[in-house]
Novice: 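There's a structure below that I have some questions on.
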Amino acid sequence: MPRPILATIHAAALQHNLARNRQAAPDARVWAVVKANAYGHGIERVFEGLRSADGFALLDLEEAQRVRELGWRGPILLLEGVFEPRDLEWCSRLDLWHTVHCDDQIDMLAACKTHVGHRVFLKMNSGMNRLGFTPARYRSAWARLNALPQVDEISLMTHFSDADGGQGIAAQMACFAEVTRDLPGERSLSNSAASLRHADSVSACDWIRPGISLYGSSPDHPEHLAAEWGLQPAMTLAAKIIAVQDIAAGASVGYGSKFVAEAPLRLGVVACGYADGYPRVCPTGTPVLVAGVRSRLVGRVSMDMVTVDLTPVPEADMGTEVTLWGRAANGVVLGIDEVAQAAGTLGYELMCALAQRVPVQVAG
Ligand SMILES: *Cc1c(COP(=O)(O)O)cnc(C)c1O
């Protein structure tokens, strides 16, 4: 028997979360962001659930090729554009739209002998200071691209730095609107946080680019829980109890003996550890579901196991299912964001870090 740990990808949840994003921007088309192997879910595994998207956005040519191999004929956007001239040939071959964020990429296009016109998304750095042309240089970049015979169509895009926080998107929106006011072309502005939190401001754009919300994690946890945004978990990580320990008051658990029981305690040893992608830094008290009932982690996370408190579930025993995040068999949900918060990080990082050794199934 394989080690009793399993990740489940919920196709119906992906579909639901996509619909939730459409609801936020009913007139916009949706790039389903599937970079990083669909945020750790697996591009092939999420494809069915997300196939009603208008396009797929990602970073790697290899991932773009996989989307084409699944039979997708619609738009695919490279969010960081090309990295070297040869990539442009792949863009033509695979019919990829690509971001242009710097002069080097325009140089590559200008030097490229291509028979098919390229469809590009010209990126403005409106304050994130990561990728894109500054507002002062944006229009000249547009003019340069527009003069190239290699370029068919130019769309306009930017990315928000604070859509999930108090600063919001107003300043970047204003900057983008001002600089692009009379430029033709489709507009693509918002990630999940902007689409959900600032639906009124961004609903007029042509393309939204949700990632994390498709996977059922809240873009602004803990201000809003995923459920408050109407999102459903797209990934469940569950494992079984492989040993039970009854320990006496004063006994400790796990490496470093960090946790000491104040009273007699029944513990379940669960077949999931940091080598499966469960964060080692999760402290005692991190929530888990034992047979769908909330309980807590105790002691240190080790490579292949964690220990959980069985007090709330006296009937738990060998083989009882423990949900590390996602939906338990009884329907109870433990948000990946809650576990991420206990680990001092975001749901993004946990889902992306699901380890290769964890078997994965796709469910409806
Ligand atoms: C990753 C990414 C997104 C998606 O962001 P989420 O916060 O996951 O919704 C959108 N746009 C760009 C440019 C990205 O790199």
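We count ligands from 1, going down the list as the structure has it; atoms in each ligand are counted the same way. These numbers come from a predicted model, not from an experiment.
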Novice: Less than 3.5 Å between some nitrogen or oxygen of G211 and one of ligand 1, yes or no?
Specialist: yes
Novice: Indicate yes or no: at least one non-hydrogen side-chain atom of L14 is less than 4.5 angstrom from one of F47.
Specialist: no
Novice: Is there at least one pair of N or O atoms, one from R209 and one from ligand 1, spaced under 3.5 Å apart?
Specialist: yes
Novice: For atom 9 (O) of ligand 1, what's the nearest protein heavy atom and its distance?
Specialist: S192 OG, 2.5 Å
Novice: Report yes if the side chains of W142 and F133 come closer than 4.5 Å at any heavy-atom pair, otherwise no.
Specialist: no
Novice: If we only count N/O pairs under 3.5 Å, is I212 in contact with ligand 1?
Specialist: yes
Novice: What atoms of ligand 1 come closer than 4.0 angstrom to any heavy atom of Y348?
Specialist: 6 (P), 7 (O), 8 (O)
Novice: Counting only nitrogen or oxygen atoms and a 3.5 angstrom limit, does K35 reach ligand 1?
Specialist: yes
Novice: Answer yes or no: is there an ion pair linking E80 with K123, defined by an N-O contact shorter than 4.0 Å?
Specialist: no
Novice: If you have a sec, work out which protein heavy atom is nearest atom 5 (O) of ligand 1 and how many Å separate them, to one decimal?
Specialist: N191 CB, 3.5 Å
Novice: Under a 4.0 Å N-O cut-off, is there an ion pair linking R144 with D107?
Specialist: yes
Novice: Does NZ or CZ of R209 lie under 6.0 Å from the centre of the six-membered ring of W31, at an angle within 45° of the ring axis?
Specialist: no
Novice: Taking side chain as C-beta onward, heavy atoms only, is L109 less than 4.5 Å from H98?
Specialist: yes
Novice: What atoms in ligand 1 come closer than 4.0 Å to a heavy atom of H159?
Specialist: 10 (C), 11 (N), 12 (C), 13 (C), 14 (C)
Novice: Does only the side chain of K123 get under 4.0 Å from ligand 1, or the backbone, or both, or neither? Count heavy atoms.
Specialist: side chain
Novice: Any atom of ligand 1 sitting under 4.0 Å from a heavy atom of Y39?
Specialist: yes
Novice: Heavy atoms, side chains only, cut-off 4.5 Å: are M157 and M124 in contact?
Specialist: no
